[in-house]
Every structure is written in C-alpha cells, then in structure tokens.
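Take a look at the structure below.
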Protein chains: 2
Amino acid sequence: MTERAPGSTAPKAQLIASEVRRRIIEREWRQGQRIPDEADLAVQFGAARATVNKALQLLADEGLLERRRRAGTRVAIDPVRKATFTIPIVREQVESAGMDYGHRVIAQRRSPIPAEIAQRIGLPEGQVLLHLRAVHYGDGKPFQFDDRWINPAAVPGMNEVDFRHVNANEWLVRNAPYTRTEIAISARNASDRDARLLDIPPREAILLLQRTTWNDSGPITTLRAAFPNSHVMNSKD
Amino acid sequence: MTERAPGSTAPKAQLIASEVRRRIIEREWRQGQRIPDEADLAVQFGAARATVNKALQLLADEGLLERRRRAGTRVAIDPVRKATFTIPIVREQVESAGMDYGHRVIAQRRSPIPAEIAQRIGLPEGQVLLHLRAVHYGDGKPFQFDDRWINPAAVPGMNEVDFRHVNANEWLVRNAPYTRTEIAISARNASDRDARLLDIPPREAILLLQRTTWNDSGPITTLRAAFPNSHVMNSKD
DNA sequence: AAGTGGTCTAGACCACATA
DNA sequence: ATGTGGTCTAGACCACTTA
C-alpha cells in the first residue's frame, strides 16, 4: 500500500497483480481453477510476458496462486497466510516507545553447551561457547531478559569483542549477517529467575522467544528472550 | 536452501545473489559501503543488467542492501531481520501432529461490537457483527480457544453460512482472501473462562494471538485465539 | 511429445535524487 | 545536469511435467 505521487504511475506489473488479485477476491476466478497462461494474459493486458510473469510470481509468493510448469497457474485452494515479524534492535524498540534504554550484563563466561542447546544449534554437546545473560530496561523497568549462547567461530572478529561493554544484540545484528533463522514463540509461567530479573511475581505469564541464526560457517547465536506479559509482538506489514 | 537435482543449475540471479551475500558476510564489502553499480556488476558477472537487478532486489528485500536511485546501492547498516510465520488451518495443524481433530462451537450470535473490538477493526462501536466462540481439540484435549467476530458485509455469500456446522477457520481461510492482516502475539495468565475451556489451571500462562484481516471492502474478521503454554509457534523458513 | 512456466538477454526509456 | 536504479519489451531457449 505504498503511496505514490499524483503524477506518477504504478508499475504495470503491480497493476496486473492488483487486477488478478481482484478477480480472485471477487470470485471471477475460483479456488483451484486454472487461469489463462502467461502468453494469453500478456495479450489481454497489453504487456510483455515477462511483465505478466513478474506479477504472477508476486501473487504466488503471497500464496494466492499455485504455479507449475506444464500444468499452468491455479488459484490456490488454501491461500497460504503469512505474517512477517521484524527482529528489532532492542534499544531502538525501547526508544521508539519513548522510554530511556538501559542494559545490564549479568554474566559472561565460556561454558560447554548443555544437550538442549547442542541439539538446537547442531553442535556437539560440551563444545565451549560464550554464554551471556543480560537484561534490557525501559525507563528502568525490565523489558527483556536474554540468555544467549554465541559461537565465536562463526563470525570473524567476534573473539576481540567484550560483550560486557558492547551490546551483544546490536553487535550481532550489525556484524553477523545470517542466512537462516529459526524462531519459536511460546508462553510460560515465569521461573524464579525470570521473575526476579523481570521484576514480576513468580509464575506470572511471560512471552518466550527462542531464536537461532546461522550463516554458512555454522550457528552464530541462539537466544532465549523472556518478556513480561505486557509485551506485545506485532506483525510488520 | 532449496535442493536441486545434480544435473540442474541454479538460476544465474541466485548465483549472483549468493556471491554478493558472501562478500557482505566475509566483509569484503562493509556496512554502509557503496557497491559497484548494476552495469559494472553485470560486466563482472557476465550477465545482463536485468539479471543483476533481480539479484540485488532480492538482497534488498532480505534487508541486506539499501538501494536508491542516483545514490547507488549500499550494504545496509542495520540489516533488517525478518521472520515469517505461516497461519495454519487449525485442523491441518492438529492432524499433521498426528492427533485426531475435533471442533466445538460454544456460541454463535449477532451482537453489537464493544469499543475495544470496534477500535481494533475500524468499525463504529455498536455495529452488529457475528460473534463466534469455538474450541479446537487434538485427541480430545483443548488445543485452541477462538473468540471471533465476523463481518458478513465483507465477503459475499457469508450470510448463507451457518458456522455452527461449518468450521469458521477453514471457511474463512478458503473463501475470504484478504489483502491486509495485523497480528499481535502476547502472553497472559489464563482468565477463568480461558482456563475452563482449555482445561488448564486458572492463572496458567497462555499464548494469545490476535489477528485481524481486511480486504478492500473492509474488515473481514478479528480473532482472539488462546493456546495452552504447551503450544509453540514456529517460523517458516 | 508438447505446453507451460522459469529464466536470460540486449536494448530502451523513465523516475528520481543528488551533485 | 547527470548518474543510478526501476521497469518494460520482444525474443529466445530451457526445464519440467503431464497428457
């Protein structure tokens, strides 16, 4: 839904995509039904096939169409529904909410990874990684409690960083581009440690986010972040 | 990370994207630094400019590059990190976990919407919508409790559906394509009603998902889904 | 065997931001 | 004013899949 200057025109591929979307939403083309092939549509819309192709690929990415060579393009039976979340820099998130950001490292040590972590990141149990625990604050109130394992072998230069003085969240986001990420979100009753560090009553509901990132050299970091139940994750787009 | 048949080759645009990604990850091209323009890269990679353009757009969508006309292409300073979640059809989700699916409608009635819902979906308070409450079961155990408001005006044919006999989740996913969705995820301590319907102790942590979908005619439906704390939402990709 | 989407190319023109 | 990305085109060949 990007706005456009009055004199300007939307790209033709976008217009075609909108029109096809409209035909699907208004049931001119029904679930599972085959739609005309790219060459036909190109003629209908007065566009090159490449342009139609771009529009239809867009809709296929959205999950509205299913395309197969030789079999043609069909309206998806189960439109795949997707929601995208942005992985924030915590400081920016706190500050954009109008709060003062604070950050405290609770512990930093090299430790052999326990079995659970080993399995999550695909490294052998007992391998020594950097284990970091920290709390982020907004206006002095705990905002997020991080329990993080970092694999220095995955990112050049990471060994020289002292995460007691450099914010691990920011450093990693800025310096360790990843190629793959896995995220799991769940709710839990706060453990005693969670409750103490987040300054909430024991057993209070917390939102738990577990995120692991990889690049081609292997796992970069795995994070367990705990949020008080006032926290809301919102989809982007 | 799609697998390919041995004899087959990756598309050239993909290869170029991979190579550029590698240069960024290995710091040949640093954060904020300008990279060669499309014409240069086309020569370097022995490809047409359109192919390079496709590759760079891909990386810009991933958040790794920032592109501006006239100013050129730069490695992003804050690589935007995204995670995508798929919104499942509950029955398929339950069955793919190897459980038997069950579904019970608790209440269906037309009611004026309260202020909170009105604000969330952008309709005037007091407008009459269909209010539906239902529980989904896996192997007889409560899996998800839905509290849903449906706007029949947004989707043709919806007035003829009796959601006591037709699964609202499935009907809407299949029949009401949307153009926009908002999702909010949080943790809460279960209310008495949540606890009763999910068969868990009162005050136990639950995962709360609030989702509203729109098409061009207006809001289609807004849903508050509650999950027991055993539930985990996983990112797709 | 043949139809359909997937991709690439060379060239062109345009839109936009900045020097 | 000019350089850069954004987009489109016509044509081509290829890869896959199914009829």
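Below, read A as the first sequence line, B as the second, and so on, with proteins coming before strands; counting in each chain starts at 1. Here the structure is a predicted model, which means the values were calculated and not measured.
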Between the base of D/dA15 and the side chain of A/R69, is there any donor-acceptor pair under 3.5 Å? yes
Would you say a side-chain N or O of A/R49 is under 4.0 Å from OP1 or OP2 of D/dG11? no
Lys/Arg-Asp/Glu bridge criterion (N-O < 4.0 Å) met for A/D146, A/R224: no
Do A/E170 and A/R91 meet the salt-bridge criterion of a basic N to acidic O distance under 4.0 Å? yes
Whether A/E28 and A/R22 form a salt bridge (side-chain N of Lys/Arg under 4.0 Å from carboxylate O of Asp/Glu) is what I want to check. yes
Can you tell me the distance, in whole Å, between the CG atom of A/L59 and the C1' atom of C/dG6? 17 Å
N/O (side chain, B/N53) to phosphate O (OP1/OP2, D/dG5) under 4.0 Å: no
Using the closest heavy atom to pick a nucleotide of DNA chain D for each, name whichever of A/R68 or A/V52 lands nearer the 5' end. A/V52
Looking at B/R70, does any N or O in its side chain come under 4.0 Å of the phosphate oxygens OP1/OP2 on D/dA1? no
From CG of B/L41 over to P of D/dG6, roughly how many Å is that when rounded to an integer? 13 Å
Rounding to a whole Å, what distance do you find between B/Q14:CD and C/dT7:C1'? 11 Å
Is it true that B/R74 and B/E66 make a salt bridge, defined as a side-chain N closer than 4.0 Å to a carboxylate O? no
Can you tell me how far P of D/dC8 sits from NZ of B/K54, to the nearest Å? 14 Å
Separation of atom CZ in A/R67 from atom P in D/dT18, rounded to whole Å: 15 Å
From CZ of B/R74 over to C1' of C/dA17, roughly how many Å is that when rounded to an integer? 13 Å
Describe the nucleic acid contact of B/A47 in one word from base, sugar-phosphate, nothing, applying a heavy-atom distance below 4.0 Å. sugar-phosphate
Is it true that A/E62 and A/K82 have a side-chain N and a carboxylate O under 4.0 angstrom from each other? no
Starting at atom CG of A/L65, determine the distance to atom P of C/dG5, rounded to an integer number of angstrom. 11 Å
Whole angstrom is fine here: how far is it from CD in B/E66 over to C1' in D/dT4? 16 Å
Can you see if the side chain of B/K12 gets near the phosphate of C/dG6 - specifically, an N or O under 4.0 Å from OP1 or OP2? no
Hey, which of these two, A/A13 or A/A71, hits DNA chain D nearer its 5' end, going by closest nucleotide? A/A13
Measure from the side chain of A/D37, starting at C-beta and using heavy atoms only, and say which of D/dG5, D/dT7, C/dT4 lies closest. C/dT4
Respond yes when some side-chain nitrogen or oxygen of A/T73 is under 4.0 Å from OP1 or OP2 of C/dG5, and no when none is. yes
With the side chain of A/R34 defined as its heavy atoms from C-beta on, choose the nearest nucleotide among D/dG5, C/dT4, C/dA10. C/dT4
Short side-chain N/O contact to D/dT9 OP1/OP2 from A/T51, under 4.0 Å: yes
Verdict with supporting geometry, A/F85 and B/F85, ring-ring contact (aromatic ring centres under 6.0 Å, His included): CA-CA 8 Å; A/F85 292 84; B/F85 290 81; 5.3 Å; yes
With a 4.0 Å limit, can you tell me whether B/Q57 has a side-chain N or O closer than that to the phosphate oxygens OP1/OP2 of D/dG5? no
